Amino acid sequence: MPTAAQRLARARALESLVREIARDEILPRYLKSSRNSKADGSFFTEADVASQQRFTEALPKLLPGPVLGEEMSAEEQARLWSQGRRGMWCIDPIDGTTNFANGIPFFAVSIAYLVDYEPRFGVVYNPITDESFYAAKGAGAFLNGTELPLRKGSKLLGEAVAGVDFKRISHHLADELAVRPPYYSQRNFGSSALEWCFVAAGRLDVYLHGGQMLWDYAAGQLILAESGGQAMALDGGTLMAGPAVKRGVIAATSPSLFDEWRAWLQSHS
């Protein structure tokens, strides 16, 4: 069983690899890649495919295990998930593909290593800002080497800045949040992985997203947990239940703020 220090060393080795592949495969294609549609209606670019191929080749050299990526068929994702209990990579080569394709400098590589279907270490990296968020279970969370959170979050929901994706929640809840928001202000950036990290850093205080896949949060929710934050599925279930289910998620910078946020959502859903 690796120690926390060993897991952190692996997270830093992963960070170096992520920076290298982002430099080689993603940045040269920024502002040069067009969107292509997948069968489910989501988008991908040449950079998504090229970087996923590089990661699929390189990650097992860091640590053995299958590489489950967003740019795979549902059948292949299910097969790799069933094979990966003892160790598995979960990757999103570009989280925020629409931002990437449109030249909006807010997207990220998101990679986590799972054992028994729980993240042990992970990295979320924005190659435009050169911000690398990483964490290892039991060893803390960091941004470019500085321990998270960067600032203490708001203690009260009424003073909080929220990250909310309105288009993926119910019309009723969206109306309640728009007309009678319980927080001070609201933001939405278009990259789920980075939004998790913004909660971990204290840039956002609370978070709500109505539909995320495993690779959207596998690394980010570990980074948040290691920074002292709290999260769960919107329906109260576990987050780490496989690649086939889209989940609503809620999160906050502290357990007390999480309880207040969750109670408000439950009473207004």
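Keep in mind that what you see is a predicted model, and the values were worked out from it rather than measured. As a basis for the values below, the full set of heavy atoms in this structure was taken, side chains included, without hydrogen atoms, waters or symmetry mates.
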Original post:
Going through the checks in order, is the side chain to side chain contact (heavy atoms under 4.5 Å, CB included) test met by E70 and I91?
Top reply: CA-CA 7 Å; E70 182 183 13; I91 75 172; over 6 Å; no

To the nearest 0.5 Å, how far apart are [atom1] in [X] and [atom2] in [Y]?
X    : Y    : atom1 : atom2 : result
D95  : S110 : CG    : OG    : 6.5 Å
L148 : F142 : CG    : CZ    : 8.0 Å
R85  : E118 : CZ    : CD    : 10.0 Å
E176 : L173 : CD    : CG    : 7.5 Å
S267 : R262 : OG    : CZ    : 12.0 Å
L234 : H209 : CG    : NE2   : 11.5 Å

Less than 4.0 angstrom from a charged side-chain N to a carboxylate O is my criterion; do [X] and [Y] meet it?
X    : Y    : answer
E15  : R19  : yes
R29  : E25  : yes
E195 : R187 : no
D165 : R168 : yes

**OP:** Establish, yes or no, whether the cationic atom of R10 lies under 6.0 Å from the six-membered ring centre of Y134 and within 45° of the ring axis.
**Re:** no

Original post:
With a cut-off of under 6.0 Å to the ring centre and 45° to the axis, is R203 in cation-pi contact with F198?
Top reply: yes

Could you tell me whether the side chain of [Y] reaches within less than 4.5 Å of the side chain of [X], counting heavy atoms only?
X    : Y    : value
I128 : L27  : yes
P127 : R23  : no
L143 : E131 : yes
I104 : F189 : no
Y183 : W264 : no
L68  : M88  : yes
D216 : W196 : no
V161 : Y184 : yes

Subject >> Full working for side chain to side chain donor-acceptor pair (under 3.5 Å) between D48 and T45 >> reply: CA-CA 5 Å; D48 292 87; T45 68; 2.7 Å; yes

**OP:** Would you sort out whether R86 and V115 count as a side chain to side chain contact (heavy atoms under 4.5 Å, CB included), showing the intermediate values?
**Re:** CA-CA 5 Å; R86 292 187 176 183; V115 177; 6.0 Å; no

Original post:
Is it true that F106 and F100 have ring centroids separated by less than 6.0 Å?
Top reply: no

Under a 3.5 Å distance rule, please check whether [X] uses its side chain to pair with a backbone N or O of [Y] as donor and acceptor.
X    : Y    : value
Q6   : T3   : yes
H268 : H172 : no
E147 : A141 : no

**OP:** Verify salt bridge (charged side-chain N to carboxylate O under 4.0 Å, His left out) between R54 and E20, making sure each step is shown before the conclusion.
**Re:** CA-CA 10 Å; R54 281 283 304 277; E20 174 189 333; 3.3 Å; yes

If hydrophobic clusters are built by linking Ile, Leu, Val, Met, Phe, Trp and Tyr wherever their side-chain heavy atoms come under 4.5 Å apart, do [X] and [Y] end up in the same one?
X    : Y    : result
Y207 : L214 : yes
L265 : F258 : yes
V109 : I223 : no
I94  : I21  : yes
L208 : V249 : no

Original post:
Can a donor-acceptor pair be found between the side chains of Q266 and W261 at a distance below 3.5 Å?
Top reply: no

Subject >> Residue pair W215, I111: steps toward the side chain to side chain contact (heavy atoms under 4.5 Å, CB included) verdict >> reply: CA-CA 8 Å; W215 40 84; I111 300 182; over 6 Å; no

Between [X] and [Y], what is the shortest heavy-atom contact and its length?
X    : Y    : result
S132 : V123 : OG-CG1, 4.0 Å
L257 : A252 : C-CB, 4.0 Å
A233 : T238 : CB-O, 4.2 Å
A135 : A11  : O-CB, 3.8 Å
D130 : N144 : O-ND2, 3.0 Å
A4   : G138 : CB-O, 3.7 Å

Original post:
Only one of S154, S185, S254 forms a side chain to side chain donor-acceptor pair (under 3.5 Å) with D205, so which one is it?
Top reply: S154

Subject >> ring-ring contact (aromatic ring centres under 6.0 Å, His included) evaluation trace for Y117 with W81 >> reply: CA-CA 8 Å; Y117 302 127; W81 178 260; 4.2 Å; yes

Original post:
Is the count of non-hydrogen atoms from other residues, nucleotides or ligands lying under 6.0 Å from R151 atom CZ greater than 12?
Top reply: yes

**OP:** Please step through ring-ring contact (aromatic ring centres under 6.0 Å, His included) for the pair W89 and F121, ending with a clear verdict.
**Re:** CA-CA 10 Å; W89 295 98; F121 60 90; 5.8 Å; yes

Subject >> side chain to side chain contact (heavy atoms under 4.5 Å, CB included) between V206 and V164, intermediate numbers included >> reply: CA-CA 8 Å; V206 296; V164 178; over 6 Å; no

**OP:** For Y217 and R247, run side chain to side chain donor-acceptor pair (under 3.5 Å): C-alpha distance rounded to whole Å, both residues' side-chain angles, the deciding distance at 0.1 Å, then the answer.
**Re:** CA-CA 10 Å; Y217 57 77; R247 297 164 184 81; 3.0 Å; yes

